[in-house]
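Take a look at the structure below.
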Amino acid sequence: MRIIPIIPMTQTQAKAVCGSVSRTTKMPCKSYSLPTESCVTGFKMAKIKGSICASCYADKGNYAMYANTIKPAQFARLDSVTQALESDDNRQLWISAMISHIGKDSHFRFHDSGDLQSADHLGLIVDLCHAMPNVQFWLPTREYGMIKAFIGSGESIPDNLIVRLSAMYVDKPVIVPKSLQGIKGVTISNVHTNHNQALGTECIAPQQNGECRDCRLCWTDAPVTYKIH
């Protein structure tokens with residue numbers, strides 16, 4: 001585990017380093033949004049008819065309605081991640097800035113839009129998790145290969161991070177690669193069209209005006225299934 005010395009920052013300083021954090025109406029916490037254009041696997045899946053990425057929620061609704069302000073913020077965050085991976089000094093600044101943004105919150109999500117860029121990107125998030133052991137982090141991702149590369153390098157998922165392998169298709173369960181089966185902190189999420197096809201513990205947000213409210217199931221290792229939206 002790498003210990004990163006933390007630099008105290010104001011919110012203004014933090015925003016200059018890592019961009020702003022996202023705030024969505026559904027989520028009970030802050031999150032970090034990246035542009036869907038930067039998705040590696042998702043960009044390919046978006047071209048496949050019937051895939052979940054082909055009708056990505058992050059390319060419609062409020063994301064599309066307010067794209068003029070949302071997209072620049074997402075690309076600014078993406079640039080900050082790229083810079084953070086370029087040197088240890090930049091890494092320290094990014095982690096310090098994220099700590100300032102998260103503050104005393106108990107939960108945080110990566111990413112409400114976009115996805116991991118590399119195994120090194122996951123390593124950056126893991127360093128943040130180690131620096132904030134009292135915060136529970138949730139990372140849904142379709143970058144199975146990046147998770148495999150990270151674990152294969154001898155690294156591990158910290159206790160306060162849930163990496164949730166996301167389904168590629170509606171009503172088709174995630175097939176966890178053998179290399180990730182039984183790995184602590186790695187679980188799955190599926191997507192279903194109706195209640196009878198739920199594959200896992202069903203997300204209750206649709207019954208609560210599309211909001212998590214008091215539910216924190218996604219921050220546990222339980223397999224979850226979401227109604228397509």
Show the nearest heavy-atom pair for residues [X] and [Y], with the distance to one decimal.
X	Y	result
Tyr226	Cys203	CD2-CB, 3.5 Å
Thr187	Thr220	CG2-O, 4.1 Å
Asn160	Cys129	ND2-O, 3.0 Å
Val174	Leu165	CG2-O, 3.5 Å
Lys30	Phe108	O-CD1, 3.4 Å
Gln74	Ser33	NE2-OG, 2.6 Å

Give the C-alpha distance, both sets of side-chain angles, the deciding distance and a yes or no for side chain to side chain contact (heavy atoms under 4.5 Å, CB included) between Leu161 and Gln136.
CA-CA 6 Å; Leu161 172 63; Gln136 296 298 313; over 6 Å; no

Tell me, with the steps shown, if Val224 and Asn190 meet side chain to side chain contact (heavy atoms under 4.5 Å, CB included).
CA-CA 6 Å; Val224 176; Asn190 294 304; over 6 Å; no

Do the charged groups of Glu37 and Lys71 touch, with an N to O distance under 4.0 Å?
yes

Carboxylate-amine/guanidinium contact Lys184 Asp159, below 4.0 Å:
yes

Report yes or no: do [X] and [Y] belong to one cluster of Ile/Leu/Val/Met/Phe/Trp/Tyr joined by side chain heavy-atom distances under 4.5 Å?
X	Y	answer
Ile162	Tyr144	no
Ile52	Ile188	no
Ile4	Leu85	yes
Trp219	Leu139	no
Val40	Tyr169	yes

Flag, side chain of [X] to backbone of [Y], donor-acceptor distance under 3.5 Å:
X	Y	result
Arg142	Ala167	yes
Gln207	Ile204	no
Gln92	Pro5	yes
Gln117	Asp115	yes
Arg164	Val186	no
Glu143	Met146	no

Separation of [Y] [atom2] from [X] [atom1] (nearest 0.5 Å):
X	Y	atom1	atom2	answer
Asp120	Thr82	CG	OG1	11.5 Å
Asn194	Ile228	CG	CD1	11.5 Å
Met168	Ile48	CE	CD1	9.0 Å
Arg213	Gln208	CZ	CD	5.0 Å
Ile151	Ser179	CD1	OG	9.0 Å
Gln83	Ser87	CD	OG	9.5 Å

May I ask you to decide if the ring planes of His111 and His121 are parallel, tilted or perpendicular, using 30° and 60° as cut-offs?
tilted

Quick one: sort the Phe137 and Phe110 rings into parallel, tilted or perpendicular, breaks at 30° and 60°.
parallel

Would you mind reporting whether [Y] and [X] have side-chain heavy atoms less than 4.5 Å apart?
X	Y	answer
Ser20	Arg77	yes
Arg91	Asp127	yes
Asp112	Arg23	no
Thr141	Leu122	no
Asp105	Val135	no
Ile102	Leu128	yes
Gln11	Ser100	yes
Met27	Cys212	yes

If hydrophobic residues (ILVMFWY) are linked whenever their side-chain heavy atoms come closer than 4.5 Å, directly or via other members, who joins Leu93 in its cluster?
Ile7, Met9, Val17

Start with the C-alpha gap between Tyr32 and Ser80, add the side-chain angles, then the distance that decides, and say whether side-chain hydrogen bond (donor to acceptor under 3.5 Å, both in side chains) holds.
CA-CA 12 Å; Tyr32 203 66; Ser80 79; 3.0 Å; yes

So for atom CD1, which belongs to Ile6, do other residues, nucleotides or ligands contribute more than 12 heavy atoms lying within a distance under 6.0 Å?
yes

Please report the C-alpha distance between His192 and Thr225 in whole Å, then the side-chain angles of each, then the deciding distance to 0.1 Å, and finally whether the side-chain hydrogen bond (donor to acceptor under 3.5 Å, both in side chains) criterion is met.
CA-CA 7 Å; His192 63 275; Thr225 180; 2.7 Å; yes

